[in-house]
Chemist: 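Questions regarding the structure given below will be posed in turn.
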Amino acid sequence: MSTTTLRMQETSAEHAARTRRFWLVMALGALSFLLFFLAASSFYYKSPTGMFADLAGWLAAIGAALVNFQGGFLVWLGRLVTAVVNIAPMFSLIFFIGMGYRLWRWVQEEHPRPASANPLFDRHFRGIFSELVVFTALAAFIWWIVGNTVDNLHRLGKPPGFDFLGATAGFGINQVLFLEYAETSSYGKAILVGLINTIVLSLAGIVLATVLGFIIGIMRLSSNWVIARIAEAYVEFFRNVPLLLQIFIWYNAVLKPLPGPRQSLVVADAVFINNRGVYSPKPIFTDAWWIVVAAFVIGIVASWFIARWAHRRQMQTGQPFPVLRTALLLIFGLPLLAYGLVSLFAGPPVSFDYPELRGFNYQGGMRIIPEFIAMLMALSIYTAAFIAEIVRAGIQAVPHGQTEAALALGLTRGQKMRLVVVPQALRVIIPPLTSQYLNLTKNSSLAVAIAYPDLVAVGGIVLNQSGRELEIIALWMLIYLSLSLATSAFMNWYNAKMKLVER
Amino acid sequence: MSTTSNNTSAIASAASTDELAVQMIDVNKWYGEFHVLRDINLEVFRGERIVICGPSGSGKSTLIRCINRLEEHQAGRIIVNGTELTEDVKKIEEIRREVGMVFQHFNLFPHLTVLENCTLAPIWVRRMPKKEAEEIAMHFLEKVHIPEQAHKYPGQLSGGQQQRVAIARSLCMQPQIMLFDEPTSALDPEMIKEVLEVMVELAETGMTMLVVTHEMGFARQVADRVIFMDQGQIVEMNTPEEFFTNPQSERTKLFLSQILH
Amino acid sequence: MPATTKKLPWQPFHRNDMLPPKPPPPATTGVLGWLRRNLFSNWWNTLLTLLGLWFIWVVASSLIEFALIKAVWTGEDRNACLPKDGVEVGACWAYVNAKFNQFMDGFYPADQEWRYLTVYAVGIALLVPLLIPKVPWKGLNALLLFGAYPVLAYLLLYGAPSLGLPIVETTQWGGLLLTLVIASVGIVISLPLGIVFALGRRSQLPVIRFLSIAFIEFWRGVPLITVLFMSSVMLPLFLPEDVTLDKVVRPLVGVALFAAAYMAEVVRGGLQAIPKGQYEAAQALGLTYWQMMGLIILPQALKLVIPGIVNTFIGLFKDTSLVSIIGLFDLLGIVQTSLADAKWSTPTTAPTAYLFLALVYFFFCYGMSRYSLFMERHLHTGHKR
């Protein structure tokens with residue numbers, strides 16, 4: 001029997017039930033709207049009139065923020081965010097409208113069996129009702145908090161807003177990359193410098209931790225008992241000691257006791273290591289340098305094409321081609337060749353500025369600050385312990401039968417790894433590996449403990465100088481959160497793509 | 001300590017090495033302290049079909065896994081296709097190319113389609129053009145009656161279908177010898193038949209086959225020789241007719257009475 | 001006997017006398033065989049073994065030399081640990097000894113030490129039987145530990161003038177005591193909260209699911225240090241003017257919420273691993289949602305994810321060290337502060353202090369991970385998926 005016939009045969013009792021349901025929903029809807037306005041006006045806007053006045057004011061502010069480009073991008077974004085946050089309660093209206101729609105659908109819905117006469121015992125109704133209660137309570141709680149905060153900030157004389165980002169910073173930063181920064185630069189610029197430092201540290205840490213982690217993970221699977229135990233001891237020790245302590249150990253117990261600049265450790269007469277950091281020659285490029293860079297890029301691009309060509313040729317003729325060797329030759333050989341040619345005809349395309357001891361310190365050259373080294377060592381060694389476990393679990397997750405089948409077909413051990421084990425292990429390894437990368441990035445915020453100028457450390461200075469706790473913390477969270485969400489979006493996509501097809 | 005009085009090695013000299021696919025001489029193997037293969041002597045002639053049976057733990061799987069060096073023997077000699085198995089990795093790979101193996105649990109590669117499973121080794125080991133490898137793969141997939149599944153993943157197939165793909169995958173390397181390690185033990189009864197049919201058809205082509213199985217019907221139908229193993233040694237070896245109708249040793253009789261009920 | 005006419009290239013064979021097992025070749029078994037298989041199977045392996053042994057020797061000998069052989073065990077001040085006749089000394093344990101009380105409890109009044117020692121003793125007495133699977137009365141035990149014990153611990157640690165216990169302000173708490181307080185409160189709050197959010201994330205109701213996801217992803221997406229900054233400077237802003245929050249309670253809120261989000265994801269993993277049949281069976285028995293979850297699903301799911309839960313605990317324990325950045329004197333914070341004491345300023349003070357810290361943290365974290373391994377084996381009851 002189809003539903004249409006059922007509808008045709010609706011009895012008068014059922015019709016009465018539907019009517020009751022309809023009026024119940026209407027009453028509930030009216031009640032929740034009332035609740036919403038009461039909560040919004042009392043907890044957030046403090047009075048109904050204040051609410052409407054505020055709303056109008058902030059809508060105007062959004063409009064103004066949209067067109068006012070003064071003070072740089074961050075300031076503009078900040079203004080926009082502030083304005084949007086201030087009408088936040090209005091966004092919850094969307095929720096109420098959505099709930100209303102669901103209730104309406106519930107009334108309209110054709111049930112295969114008559115709904116319970118008392119809607120309070122109807123599963124569907126109960127679900128919607130409990131959601132309404134939870135959401136209203138939560139919204140009231142959040143408005144209460146936001147209302148308090150706004151009150152407190154006004155009382156303290158610092159109404160929320162990101163305009164302060166345009167003010168002069170007035171402090172120096174000991175590691176500035178890719179940007180021009182001086183004490184006269186703005187707070188916003190300082191934070192950008194911090195963000196770049198975070199990204200640089202994280203990327204370097206990720207590379208190092210991955211290499212180290214894969215080595216340790218493979219060592220743990222070694223058939224050599226001694227090697228496996230060393231790897232196990234590494235993992236157990238570094239996983240079970242707090243990262244912050246490891247950072248302190250590197251910074252205070254390893255790098256600080258290094259000799260002063262005058263007694264520096266010298267490597268190859270060019271690199272000087274002392275308690276103020278590592279000084280190495282700084283390359284100075286001439287205009288002809290681009291030829292070498294171009295040769296390098298050409299090498300990479302050519303290798304890629306050759307790899308594709310070799311694959312296609314092997315698929316067509318069965319003839320293999322030594323791709324790796326050719327690629328290495330191209331990627332390193334071409335730039336060398338270019339370097340040689342340029343040197344021959346136009347003089348060396350790069351010269352080095354060597355660090356020199358002047359007075360009590362080295363001048364010139366390139367300096368890597370000890371804070372960076374300590375952070376990098378601690379982060380990558382700590383994370384490598386976790387990555388090692390992930391790698392081990394991933395390889396062990398490939399059943400032994402797969403290895404046997406590959407070997408029985410006559411594949412070499414290298415082919416077995418490349419074609420059978422690694423593709424299967426990677427599916428297991430990549431998702432947790434990505435989350436370790438994220439962890440490393442978030443953990444780089446511990447830099448504040450030894451004053452490496454990352455996002456949190458620089459933000460902390462700005463926070464102390466400007467007294468803008470709310471804005472700085474919101475900025476931190478926004479940046480880290482968007483990083484995390486972007487990564488997990490990637491992970492979901494990857495998982496969906498790589499999922500093994502099964503019945 | 002050897003029992004050469006009734007040892008098969010006596011006849012080893014009789015056959016020329018050309019006719020021999022596999023030759024095992026006084027092979028011994030231990031798992032730790034456990035003596036799993038004891039003084040095994042066996043000659044397999046080209047084109048011969050041998051069924052090996054025996055109670056679990058009798059060493060029959062270990063025996064055939066020694067032939068393609070998935071297990072290492074510790075004493076004695078194993079010569080496959082005229083090449084002796086030693087530590088030499090190149091020789092081991094050479095032998096594995098010529099010896100196909102079908103496992104109890106199929107061991108198909110789950111990340112590759114059926115067709116890719118079949119072409120993987122021909123492309124990378126035999127250095128065959130992809131197109132040719134695919135043609136051969138389709139040929140053998142037809143032989144095992146599932147050409148229509150070529151573009152599915154192993155996880156989408158039934159057990160019997162997976163095992164037939166595994167057989168096709170081995171055949172794509174065009175091996176001279178095929179090893180079957182309990183190919184039907186992990187299958188539901190209705191699927192055993194389809195796999196056995198494929199194996200019978202394969203036997204009719206004259207392939208050298210060593211099959212570890214408890215399917216006595218299969219042994220009767222196609223085997224040239226049946227070997228019964230117990231406690232890591234060959235206990236009885238005879239033609240199927242003789243083996244089933246007139247077993248000689250007490251252990252064989254006991255085993256047959258248990259298995260044929 | 002049937003006459004075989006076919007000419008066989010082989011002779012039928014049978015044996016009635018079975019070959020006895022022989023011992024394996026001596027080189028493959030025993031200590032020697034083990035060494036050969038695992039350490040010296042070929043030249044490459046031998047090289048690795050020797051390199052590994054050399055590495056172990058270098059690390060172990062220098063560690064033992066520093067921590068034991070050259071160490072200074074007694075002394076009144078830095079003079080004891082300064083290089084003698086130009087020879088550097090090893091670990092300055094005299095310094096740890098002198099500061100030991102501070103490391104253990106911060107600035108807790110000396111005459112009141114018995115109070116937190118009692119809390120430790122009662123805690124151990126309640127926790128140990130709960131952790132040993134064989135001891136009976138688990139229900140009563142848990143009730144005492146999670147119901148009565150927190151009240152007792154609060155009264156003893158903070159004080160109650162009416163009971164004759166003078167109040168010890170939380171600003172005086174520190175060292176290992178503070179670390180343990182933050183970690184255990186965090187653990188006790190985060191587990192139930194995590195379960196609630198895990199259930200919320202798997203709920204059929206879209207709004208509840210969305211709110212749970214938002215909560216979990218928010219806390220997992222930000223670094224703990226920003227959470228701690230937020231709880232220490234922003235919590236006061238969130239509350240009405242006249243309400244003040246204790247300085248120790250603030251980071252506690254942050255740590256607990258942070259850990260709860262991670263816990264929720266661990267528990268969700270367990271919930272997902274329970275076969276659908278278990279839900280269906282529970283519903284078929286007529287259980288309500290909460291009965292089904294409480295009696296059937298959660299016990300199994302939690303059992304499955306014990307390693308993950310303990311890992312979260314370990315992470316939380318290690319993360320308590322971050323409160324030192326926002327100015328609390330937990331174990332790491334107080335040791336770090338004591339390094340500035342000129343009275344003990346020597347070249348080996350910092351390494352000694354860090355070695356001491358590493359040992360303490362390692363003891364707790366490694367202990368927890370061993371226990372989880374033990375429980376994992378003990379509870380291994382099924383669901384192979």
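Each chain gets a letter, A, B and so on, in the order the sequences are listed, and its residues count up from 1. Bear in mind the structure is a predicted one, so any value in this text is a computation, not a measurement.
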Chemist: Between B/Lys29, B/Glu33, B/Gln74, B/Arg225, which shows the greatest number of heavy-atom pairs under 4.5 Å with chain C?
Modeler: B/Arg225

Chemist: Non-hydrogen atoms of chain C under 4.5 Å away: do they reach the side chain of B/Glu48, the backbone, both or neither?
Modeler: side chain

Chemist: Under a 4.5 Å cut-off applied to non-hydrogen side-chain atoms, are B/Met209 and B/Leu202 in contact?
Modeler: yes

Chemist: May I ask you to say whether B/Arg96 pairs ionically with B/Glu93, meaning some side-chain N is under 4.0 Å from a carboxylate O?
Modeler: no

Chemist: Measure the shortest side-chain to side-chain distance between B/Ile50 and B/Val211 over non-hydrogen atoms and say whether it is less than 4.5 angstrom.
Modeler: no

Chemist: Would you mind telling me which of B/Gln233, B/Glu87, B/Arg251, B/Gln231 has the largest number of heavy-atom pairs within less than 4.5 Å of chain C?
Modeler: B/Gln233

Chemist: Does any pair with a residue in residues 213-222 of chain C pass side-chain hydrogen bond (donor to acceptor under 3.5 Å, both in side chains), and if so which ones, sequence neighbours excluded?
Modeler: C/Arg201-C/Glu217

Chemist: Atom CZ of residue position C/Phe218 - does it have more than 12 heavy atoms of other residues, nucleotides or ligands inside 6.0 Å?
Modeler: yes

Chemist: Given a strict heavy-atom distance threshold of 4.5 Å, which part of B/Arg38 is in contact with chain C: side chain, backbone, both, or neither?
Modeler: both

Chemist: Measuring heavy-atom distances to chain B, does C/Pro23 have an atom under 4.5 Å in its side chain, in its backbone, in both, or in neither?
Modeler: backbone

